[in-house]
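All ligand and atom numbering here is 1-based and tracks the order in the structure.
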Amino acid sequence: MKIVVIGGSGLIGRNVVRRLVAQGHDPVAASPSTGVDTITGEGLGDVTVGADVVVDVSNAPVWDDDAVMEFFTTSSRNLLAAERDAGVGHHVAVSIVGADRLPDSGYLRAKVAQEAEIEAGEIPFTVLRATQFFEFLTQIVEAGADGDSVRLSTGLIQFVAADDVAATVAELAIGAPAGGHVELGGPEALGIDAWARRLFAATGDERAVIADPHARYYGTELHGGELTPGAGARIGAVDFGTWFAANQQEAR
Ligand SMILES: NC(=O)c1ccc[n+]([C@@H]2O[C@H](COP(=O)([O-])OP(=O)(O)OC[C@H]3O[C@@H](n4cnc5c(N)ncnc54)[C@H](OP(=O)(O)O)[C@@H]3O)[C@@H](O)[C@H]2O)c1
């Protein structure tokens, strides 16, 4: 199958491409660095010719509220129009568990808008709603950095490894369109403050972790389990210890 992977140079995209090659498919990594731009439309017509499936794992280069909304709506519209012209039979995208429960976050509002474009379009689709990737744990913790301490929300996150996300995307891409969303989370849900303590214990970071129920996560307060998946979600195999050990190996 010819499978175009928009965002094929990114964290999830390159992993998906590698998996599809190993499975004998014909993935095409597409992004600005390969001459395909979903905002300007450059290269979109050519790359979608003969494609069976388009996987969209692109991400906005700038995350302020207006820019990220503009990115996900414009890129989805342009991409879906090119897919319609090319007769693509399946659009797969990665969104975020609970995005629709946290309208105070500009990034999450943009992901909801992306999902709405896909649902309103004519291409049969599957949306994978994943929880936060372990690969973003450090970034999420550092967002609360304040001198010798970090101040973080007690809201729950169920981190999942990018490797588990990519495996699920690759599996969904070669299957039939779900016509809706599929949820994926990691093996364990903890407060963001508790994740920071676990990370600091593993890295030897001696900063204090202050649990603050009002600390914001990407512009929004969390009140409990808004970011955790519901019953029936797929659960990734990689837990924190396994992910951290593998990550340390790669860093050497
Ligand atoms: N981070 C999380 O915890 C999380 C959780 C759930 C879902 N997600 C979603 O997962 C998806 C993938 O995230 P990621 O971390 O793998 O992304 P990433 O590593 O930041 O990669 C972004 C990709 O988007 C491409 N891109 C940027 N602008 C583009 C454009 N105008 N046209 C085409 N491609 C463009 C980049 O291409 P170049 O390299 O060529 O610039 C790159 O390949 C995102 O949609 C994100 O919202 C993330």
[atom] - nearest protein heavy atom and its distance:
| atom | result |
| --- | --- |
| atom 38 (P) of ligand 1 | Ser9 OG, 3.4 Å |
| atom 20 (O) of ligand 1 | Asn59 CB, 3.7 Å |
| atom 46 (C) of ligand 1 | Tyr107 OH, 3.4 Å |
| atom 34 (N) of ligand 1 | Pro32 CD, 3.3 Å |
| atom 25 (C) of ligand 1 | Gly7 CA, 3.9 Å |
| atom 4 (C) of ligand 1 | Phe133 CZ, 3.3 Å |
| atom 21 (O) of ligand 1 | Gly10 CA, 3.3 Å |
| atom 19 (O) of ligand 1 | Leu11 N, 2.9 Å |

| field | Ile39 neighbourhood, listing ligand 1 atoms whose heavy-atom distance to it stays under 4.0 Å | value | 31 (N)
| query | What are the atoms of ligand 1, with element, lying closer than 4.0 Å to any heavy atom of Ile12? | reply |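 Those atoms are 16 (O).
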| Does a sphere of radius 6.0 Å around CD in Glu142 hold more than 12 heavy atoms from other residues, nucleotides or ligands, not counting ones at 6.0 Å or beyond? |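 Correct, the count exceeds 12.
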| query | Does atom CZ of Arg109 have more than 12 heavy-atom neighbours, drawn from other residues, nucleotides or ligands, at distances under 6.0 Å? | reply |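 Counting other residues, nucleotides and ligands, CZ of Arg109 exceeds 12 neighbours.
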| request: For ligand 1, note which part of Arg129 has a heavy atom under 4.0 Å away: side chain, backbone, both or neither. | output: neither
| Does a side-chain N-to-carboxylate-O contact under 4.0 Å join Arg198 and Asp193? | no
| task | Using a 4.5 Å cut-off on heavy atoms from C-beta on, say whether the side chain of Leu184 contacts that of Val160. | result | yes
| message | Tell me every residue that passes ring pair (Phe, Tyr, Trp, His ring centres under 6.0 Å) with Phe240, counting only those two or more places apart in sequence or in another chain. | response | Phe244
Does an N or O anywhere in [X] fall below 3.5 Å from an N or O of ligand 1?
| X | value |
| --- | --- |
| Ser33 | yes |
| Thr131 | no |
| Phe136 | no |

Looking at ligand 1, does [X] have a heavy atom less than 4.0 Å from it?
| X | answer |
| --- | --- |
| Ser75 | no |
| Thr40 | no |
| Ser95 | yes |

| said: Determine whether the aromatic ring centres of residues Phe200 and Trp195 are separated by less than 6.0 angstrom. | reply: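 Aromatic pair excluded; centres sit 6.0 Å or further apart.
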| Can you name the side-chain hydrogen bond (donor to acceptor under 3.5 Å, both in side chains) partners of Asp239, sequence neighbours left out? |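 Partners of Asp239 under the side-chain hydrogen bond (donor to acceptor under 3.5 Å, both in side chains) test: Thr242.
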| In terms of side-chain heavy atoms, does Tyr107 have a donor or acceptor partner in Asp64 at a distance below 3.5 Å? | no
